[in-house]
Engineer: 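One structure, pasted below without further comment.
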Protein chains: 2
Amino acid sequence: MAGSGARGPRRRATMADIAEQLGISKAAVSYALNDQPGVAADTRDRVLALARELGWHASSSARALSGAQTSVVGLVLSRPTDLLTVETFFIRFLAGLEQVLSERGFSLLLRVIGDHPEDEISTYERWWGERRIDGVILMDERVHDPRVSALAELGLPGVLCGGPMPGAELPCVWTDQAGDAAVAVQHLAALGHRRIGHVCGPPVFAHERARRRGVRRAGRARGVEVTTVEAPYTGPEAGKVTRRMLASESRPTALIFGSDTMAIAGLSAATELGLRVPEDLSAVSWDDSILTTLIQPAVTALSRDTPGYGGLAAAVLIDLIEGRNRGLVRAPLSTLQVRGSTARPS
Amino acid sequence: MAGSGARGPRRRATMADIAEQLGISKAAVSYALNDQPGVAADTRDRVLALARELGWHASSSARALSGAQTSVVGLVLSRPTDLLTVETFFIRFLAGLEQVLSERGFSLLLRVIGDHPEDEISTYERWWGERRIDGVILMDERVHDPRVSALAELGLPGVLCGGPMPGAELPCVWTDQAGDAAVAVQHLAALGHRRIGHVCGPPVFAHERARRRGVRRAGRARGVEVTTVEAPYTGPEAGKVTRRMLASESRPTALIFGSDTMAIAGLSAATELGLRVPEDLSAVSWDDSILTTLIQPAVTALSRDTPGYGGLAAAVLIDLIEGRNRGLVRAPLSTLQVRGSTARPS
DNA sequence: TAGGTTGACTTAACGGATTAAGTTCTATTC
DNA sequence: GAATAGAACTTAATCCGTTAAGTCAACCTA
């Protein structure tokens, strides 16, 4: 499996080597290797055989230099590193993304920038300027997101995970946050909850705003009182906010958490306050992962095929790179995984 | 911040553009941009100013083609995707790795291959053949790891996270598993535990074997009886194995888990069996993350500055690429974070 | 049999940066 | 005033694959 033959490890073969060894021209070798007309069948076979024997691969630099695309897609993760730590969302997204990329012959260039979101745009500028990438995926849409116009100015193809962007030329993979909100609120309302708390992530993120609006609207539609609090995605902060919310006079009987990590931290805080889950407090997590099933009780969660979401983003980007702008694409729907953390209020 | 000026978004500037606009040769521009002698100071300044104005970046392809390195490092993650999901280790490792890479002007090319570990070597072959990368980082050392000889055969620089590799030419970032084992066992022994269970990850991984040996040896040295069981890294499997171990006649009073995820699943299983933690069962996790502090009680864990580990691997690799083989490098030591999950047996 | 077509190639230019090897011109030195 | 050194450039080759344009022989047709 691990490379055959005892060829020297030093110099990597080039097309010129193949051409010389077979006594033909570089061009003929190129035609043969790219399955283009202009070479006889047996010549083609001899070229292919020798190329295989020499372990030849086309230099991506030379290819890119003569006009071809690089077949590389860029991704910048720009949350503080201690959040990446917990947000298993990213790695699931990444896994799905990568699968589609590799299926379609693309590679992923990754940058993790901790606490300097302004580096994101300059990273794009550099990568694009250096002809390292063919396109990028924008995660974590912000409210007035400067990245959209930056891409337009650079002429750099990209997909936005978020949107919709009315009148923008870049395709969006859009998630129906309001629909998800309705499902979660409906579940709790049907169990008999009348006061729901929403522990929401930072409102700089467009999806958090959409979720907040969605939860409020869904609550209004079902006669449920909704209280929203915002917290950074970190566990300790989510715990603190939850504690405060549960200490209030008219405390909610159910909480919706913005992520699996927040849910776990929040439930931990609730337990410390002596509340039993689900008897005294129901909880829903807005993101599912194996985490939610690891703790006791397992957490009811909106589950969204995150790898599929990443894969879809990759597919939309590759289509764009290849000239097909798919516009607004809807991400796979979430489904509610009902588990032990939700029950009727006592 | 987001790109200034109203320059056209289409064509990206080249050195030839700069040369033409200033009426000098490409070579002079190159010398100016690379801070090499051969140009007057004011010419250099004008070149630099124009380059900045045009948003010029050196084409990485052209650079690489004329012999320079690509300044890209490759990493293949080859665990089943559902494991990546939980293993927050990877993303912390990645974050640290990336920080050092970007500080030193390198980028990361990432591939996630789910369940086909044999693709890893062929990915290296392709990346190296295509001149996309300067080196790779090998994670998850296996027992007779075919990747080591594959790299040697290709002449592809790489660091091994693991080792030591006696007589091998590739540098290793080595973790003292036996030392860590001794710390964990010592902690439990000092609390009075005499029967310890070790829920170990799959023994195809070299580090799991080293840990198993380390725990056994440390137990023997302190008169502690050690039982080892192996499980895949998945939560459900770890739970199952834990349950079986705790059901036995002479059940251990303390468990050491191979990862944070396994620890959480295991503790969940113990709670289901009616065991209280830490009164009836103490638990130590061999990997720390925010996860271990999110649950109740928080889990005592061997904590190892995973981002620092990733960063070290990156530094050793870049040094190798630049011609300095650092040989066997010791990874930062783990420290035991004592939390609520360990106490003296009742 | 001249003229045209096709197949199987070869030649040469190109892309963008690097760099060895010139070429000018100015300044210094004896 | 001639020789020499050095600064400030330019020229041209190189890296490797792609591709438009050209060559040459064989085969086909009216």
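Naming: A, B, ... by sequence-line order, numbering from 1 per chain. In this text, all values refer to a predicted model and were calculated from it rather than measured experimentally.
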Engineer: Can you check the A:Met15 CE to C:dT11 P distance for me, whole Å?
Structural biologist: 14 Å

Engineer: Report the nucleotide, chosen from D:dT18, D:dG17, C:dT10, that has the shortest atom-to-atom distance to any side-chain atom of A:Asn34.
Structural biologist: D:dT18

Engineer: Whole-Å distance between D:dC16 C1' and B:Arg131 CZ?
Structural biologist: 8 Å

Engineer: Specify the separation, in whole Å, of atom CD of A:Gln36 and atom P of D:dG17.
Structural biologist: 15 Å

Engineer: So, is the end of the A:Arg12 side chain (NZ or CZ) under 6.0 Å from the ring centre of A:Trp56 and within 45° of the ring's axis?
Structural biologist: no

Engineer: Side chain of A:Glu130, backbone of B:Ala58: donor and acceptor closer than 3.5 Å?
Structural biologist: no

Engineer: Tell me: CG of B:Leu22 to C1' of D:dT10, nearest whole Å?
Structural biologist: 15 Å

Engineer: Given C:dA17, C:dG15, D:dT19, identify the nucleotide with an atom nearest to the side chain of A:Leu65.
Structural biologist: C:dG15

Engineer: If I compare all heavy atoms of B:Gly74 with all of B:Ile133, which pair ends up nearest, and what's the gap?
Structural biologist: N-CG2, 3.9 Å

Engineer: Test side chain to side chain contact (heavy atoms under 4.5 Å, CB included) on A:Arg44 and A:Leu33 and set out the steps.
Structural biologist: CA-CA 7 Å; A:Arg44 188 185 304 276; A:Leu33 290 169; over 6 Å; no

Engineer: Is A:Gly38 touching bases, backbone alone, or none of the nucleic acid, heavy atoms closer than 4.0 Å?
Structural biologist: base

Engineer: Near DNA chain D, under 4.0 Å by heavy atom, which residues of residues 26-33 of chain A?
Structural biologist: A:Lys26, A:Ala27, A:Ser30, A:Tyr31

Engineer: Rounded to the nearest Å, what distance is computed from the CG atom of residue A:Asp17 to the P atom of nucleotide D:dC15?
Structural biologist: 11 Å

Engineer: Counting side-chain heavy atoms from CB outward, which of D:dC9, D:dC16, C:dG16 is closest to B:Ala40?
Structural biologist: D:dC9

Engineer: With sugar-phosphate meaning primed atoms plus P, OP1 and OP2, does A:Thr43 contact a base, only sugar-phosphate, or nothing at under 4.0 Å between heavy atoms?
Structural biologist: sugar-phosphate

Engineer: Can you tell me if the side-chain N/O atoms of A:Arg63 get under 4.0 Å from OP1 or OP2 in D:dC16?
Structural biologist: no

Engineer: Taking 4.0 Å as the cut-off, does a side-chain nitrogen or oxygen of A:Ser59 come that near to OP1 or OP2 on D:dC16?
Structural biologist: no

Engineer: Please report the shortest heavy-atom distance between A:Ser107 and B:Leu109, naming the atom on each side.
Structural biologist: CB-CD1, 3.7 Å

Engineer: Closest-nucleotide mapping onto DNA chain D: is B:Gly67 or B:Ile24 further toward the 5' terminus? I mean the 5' end.
Structural biologist: B:Ile24

Engineer: Between B:Arg147 and B:Glu141, which heavy-atom pair has the shortest distance, and what is it?
Structural biologist: NH2-CA, 3.6 Å

Engineer: For D:dG17 and A:Trp56 - does any side-chain N or O of the residue sit under 4.0 Å from the phosphate oxygens OP1/OP2?
Structural biologist: yes

Engineer: Roughly how many Å is it from CG in B:Asp35 to C1' in C:dT19, rounded to a whole number?
Structural biologist: 16 Å

Engineer: Taking the minimum atom-to-atom distance to the side chain of B:Ser66, which one of D:dC15, D:dG17, C:dG15 wins?
Structural biologist: D:dC15

Engineer: Does atom CD (B:Glu20) have a neighbourhood of more than 12 heavy atoms from anything else shown, all under 6.0 Å?
Structural biologist: no

Engineer: Angle class for the A:Phe93/A:Tyr309 ring planes (parallel below 30°, perpendicular above 60°, tilted otherwise)?
Structural biologist: perpendicular

Engineer: Distance check needed: D:dA7 C1' versus B:Arg44 CZ, whole Å only.
Structural biologist: 12 Å

Engineer: Starting at CZ of B:Arg46 and ending at P of D:dA8, how long is that distance when rounded to a whole Å?
Structural biologist: 13 Å

